[in-house]
There are 2 protein chains.
Amino acid sequence: MDEIDELLSIRAAELYYEENKTQDEIGQALNLTRWKVGRLLAQAKHRGFIRIEILHPRARRLPIERRLREERGLTDAIVVSSAGVSSAEELQARTAQAAADYLTALRPVPRTLGVSWGRTLFDISQHLRNGWATGVNVVQINGGVSLNRRAGTAAATAVAISQKGGGQATLLPSPAILERLETKHAIESDRVVAGVIELARSAEAYLFSAGAADHNSVHVESGYLAPGDVDLLVAKGAVGDVVGRYIDSDGNIVDPALDARTVGLTLDEIRSSPLAIAVVAGPAKHAVADAVVRSRLCTVLVTDESTALHLLDG
Amino acid sequence: MDEIDELLSIRAAELYYEENKTQDEIGQALNLTRWKVGRLLAQAKHRGFIRIEILHPRARRLPIERRLREERGLTDAIVVSSAGVSSAEELQARTAQAAADYLTALRPVPRTLGVSWGRTLFDISQHLRNGWATGVNVVQINGGVSLNRRAGTAAATAVAISQKGGGQATLLPSPAILERLETKHAIESDRVVAGVIELARSAEAYLFSAGAADHNSVHVESGYLAPGDVDLLVAKGAVGDVVGRYIDSDGNIVDPALDARTVGLTLDEIRSSPLAIAVVAGPAKHAVADAVVRSRLCTVLVTDESTALHLLDG
DNA sequence: CGTCACCTTGCTCATATGAGCAGGATCGCC
DNA sequence: GGCGATCCTGCTCATATGAGCAAGGTGACG
């Protein structure tokens, strides 16, 4: 295609897309046959001169979703558009909304849904509509009795999801991480706790997010880890955590001793589930998202466009 | 349009624009008739959810051009797209290219073209192709013997335009601004200078740019004005200059005394021309561009998208 | 509860567009 | 300059889309 044709294809595109002329009219205006105009427009599209964006908070990027499914072996992928996003909060909100939409549309409806907790999960619970399902019971899959004043968001999350879904919530009455291994064993042998974990193991689906390994982590905020602890984990290769368990870029546990003191389902238990929905968004979580997908921790990923593109780059 | 339809229109748009499905296929996928799908897509477009951009250095914004013609009374307007522009230089280059294109396509071909000088005009001269016209003579319309080492760009500009257009250049051998009024009168009464100005008055078309009233001005760079002089002009309301004459936002001469010492056509002489092409681009020139268009100094404007939108906002 | 105005829906029909093909131009190669 | 391969052009025909219309549904109001 020479320069003259390239220019013509731009003129044609202007008339077609901005002025809503027919290819025939454009042909008359530019002294071309309408077939030539059609070919010029096809060329312009093919060469990437035409960009079509859908500007809407609920817009998704289907081609990227397909690539994620095909190239990264996911059962399903939901990628929200970043077009026109102004703030990180907006991106988070869009992703949470998309996750809520996905849950709502999920068939068959899981009778029991295992959930983690955190900012993302809380947002999802808030975006779910009342009556999004009927009879969906929720069970926590990792410890989450918070040590600080924001105590209760973990519980509130599970309760909101279950109530809006017309079911019951079963909370895991345990801290996320215990200081001593013995305490962890003791708690796990508690009849109630053991029962909840057993129920969690039998859940038909899991819904969880991932945290970045930095000082903004909910584990730091909740007091389970000190900022210095996180630094140590990062030094050992941690990129983030899933259900409280810190992993490296290959999805392996970074610190087995710490992991042994963490209450909840193991990563392998989640990995073996036929339906594990991970919701991960934001630039800070690119690395964890990659680890989660690489190590097949999830079968379904809900994320934003730029995170998705990051996954596909690798 | 309720929320459910809005969402459907987004889903439909994704399938239509990103997945290239037919409206019929979309209908099957979403359980709608194809007519409903067509209406949803029309709604999505109408509501501004669909943005189509032409990404190309030569792309223009025809709807904005039309608005400029209709709302600001221009004979013609050329607006280059800002989509995908990374640097100010790129914007300047695009605009210069568009101006060169406009000149090349201009019919009837002007026998004599009056030009000003400056960075923009130089860029235009460089973007013109050899043989862009045959027999176009060029005459300078304002003084421009530069006082510094970059002397010669003014002359080079006029010569390049005329040579590539198969004609002769007539230079105005005078400084842009003189220090004393008497000197200005003396120069103007010089037979050669008077002849050139007479020729300039008879030009069939004018091509000029406008400068912002700031320290980057070519007048400062060339030594005709000191930075402090510009500050004074700004204090008097100057927004920029056209052919060396500083104007306020209404297009009026800001400093009559200074203006009297400026050699070249007057603004009214340019204003009375049936074809006066102004080329003005860049955020710094929004104010001058507005003054130029408001005071009808030009009949044709070549500019960039954001400047054009600025003009239409007022 | 009836009536009317308005909006939505699913259609028919005209138009716009894309696929595929045959003839003709263009180019490299000898 | 001859020859074949390739690309380009303008066509026919099938398909996709938008305009306009009549029927049905909805809601406001008496």
Side-chain angles (χ1 to χ4, degrees), chain A residues 1-56 58-63 65-66 81 83 101 105 129 131, chain B residues 1-56 58-63 65-66 81 83 105 129-131:
Chain A
M1 196 189 203
D2 53 0
E3 196 196 321
I4 185 83
D5 263 21
E6 180 167 328
L7 241 153
L8 277 176
S9 77
I10 297 303
R11 298 287 149 257
E14 288 161 358
L15 294 165
Y16 192 73
Y17 291 106
E18 302 204 319
E19 301 282 77
N20 295 314
K21 303 228 185 248
T22 69
Q23 297 184 5
D24 215 353
E25 289 172 309
I26 297 169
Q28 287 178 286
L30 302 180
N31 270 313
L32 302 167
T33 61
R34 70 185 181 80
W35 297 285
K36 176 77 179 173
V37 173
R39 283 175 183 128
L40 287 171
L41 288 172
Q43 275 285 334
K45 261 194 216 166
H46 180 70
R47 302 256 227 116
F49 297 154
I50 313 296
R51 174 160 74 197
I52 303 185
E53 278 181 326
I54 303 173
L55 295 168
H56 196 280
R58 306 288 274 266
R60 284 163 48 187
R61 302 300 322 276
L62 305 187
E65 294 181 358
R66 181 176 18 195
S81 165
D101 290 347
R129 285 178 173 272
Chain B
M1 195 188 204
D2 52 0
E3 195 195 322
I4 185 84
D5 263 20
E6 180 166 327
L7 239 153
L8 276 176
S9 77
I10 296 303
R11 296 287 150 257
E14 288 161 358
L15 294 166
Y16 193 72
Y17 291 107
E18 301 206 319
E19 301 283 77
N20 294 314
K21 303 228 186 247
T22 69
Q23 297 183 7
D24 214 351
E25 289 172 308
I26 296 169
Q28 286 178 287
L30 302 180
N31 269 313
L32 302 166
T33 63
R34 70 188 181 79
W35 297 284
K36 177 78 179 170
V37 173
R39 283 173 183 129
L40 287 171
L41 288 172
Q43 276 286 333
K45 261 194 214 167
H46 180 70
R47 302 258 227 117
F49 297 156
I50 313 297
R51 174 160 76 196
I52 303 185
E53 278 181 326
I54 303 174
L55 295 167
H56 195 279
R58 306 289 273 268
R60 284 163 48 187
R61 302 302 321 275
L62 304 187
E65 295 182 358
R66 180 173 21 193
S81 165
R129 286 179 173 269
N130 242 322

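Naming: A, B, ... by sequence-line order, numbering from 1 per chain.
When all heavy atoms of A:G48 and B:L55 are compared, the pair lying nearest together is O-CD1, 4.1 Å. When all heavy atoms are compared, the tightest approach of B:L15 to B:A29 is CD1-CB, 4.5 Å. Heavy atoms only, all atoms of each residue included: A:I50 and A:A13 are closest at CD1-CB, 3.6 Å.
Rounding to the nearest 0.5 Å gives a distance of 9.0 Å between CG of B:L8 and CG of B:D2. Interatomic distance, A:K36 NZ to A:L30 CG, rounded to the nearest 0.5 Å: 11.5 Å. Here OG of A:S81 is found 8.5 Å from CD of B:E14. Values are rounded to the nearest 0.5 Å.
Heavy-atom distances under 4.0 Å link DNA chain C to B:T33 of residues 15-34 of chain B, given in residue order.
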Are any protein N/O atoms closer than 3.5 Å to N/O atoms in nucleotides 19-23 of chain C? If there are, list each pair with its distance.
unit_1 : atom_1 : unit_2 : atom_2 : d
C:dG20 : O6     : A:R39  : NH2    : 3.3

Below 3.5 Å is the cut-off: list the nitrogen or oxygen pairs between protein and nucleotides 24-26 of chain C, distance only.
none

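Within the structure, every pair that satisfies the salt bridge (Lys or Arg N to Asp or Glu O under 4.0 Å) test and touches residues 19-35 of chain A, not counting sequence neighbours, is listed here: A:E19-B:R66.
Residues satisfying the side chain to side chain donor-acceptor pair (under 3.5 Å) criterion with A:E53, sequence neighbours excluded, are B:R51. Listed by chain and number, the residues in a side chain to side chain contact (heavy atoms under 4.5 Å, CB included) with A:Q23 are A:Y16, A:V37, A:L41 (sequence neighbours excluded). For the salt bridge (Lys or Arg N to Asp or Glu O under 4.0 Å) test, residues two or more places apart in sequence or in another chain that qualify with B:R58 are A:E3, B:D101. Taking the side chain to side chain donor-acceptor pair (under 3.5 Å) definition, one finds that A:E65 meets it with A:R60, sequence neighbours left out.
When the P atom of D:dT9 is taken as reference, atom CG of A:L8 falls 11 Å away, rounded to whole Å. Rounded to an integer number of Å, the gap from B:L40 CG to D:dG18 C1' is 15 Å.
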ask   = Given A:I4 and A:L7, is the side-chain contact (heavy atoms from CB on, under 4.5 Å) satisfied, shown in steps?
value = CA-CA 5 Å; A:I4 185 83; A:L7 241 153; 5.6 Å; no

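Rounded to 10 degrees, the angle separating the terminal axes of the helix from C:dC1-D:dG30 to C:dC30-D:dG1 is 30°, with each axis obtained from five end pairs.
Inter-residue side-chain proximity for B:L32 and B:I26 is flagged as unmet; no heavy-atom pair is nearer than 4.5 Å.
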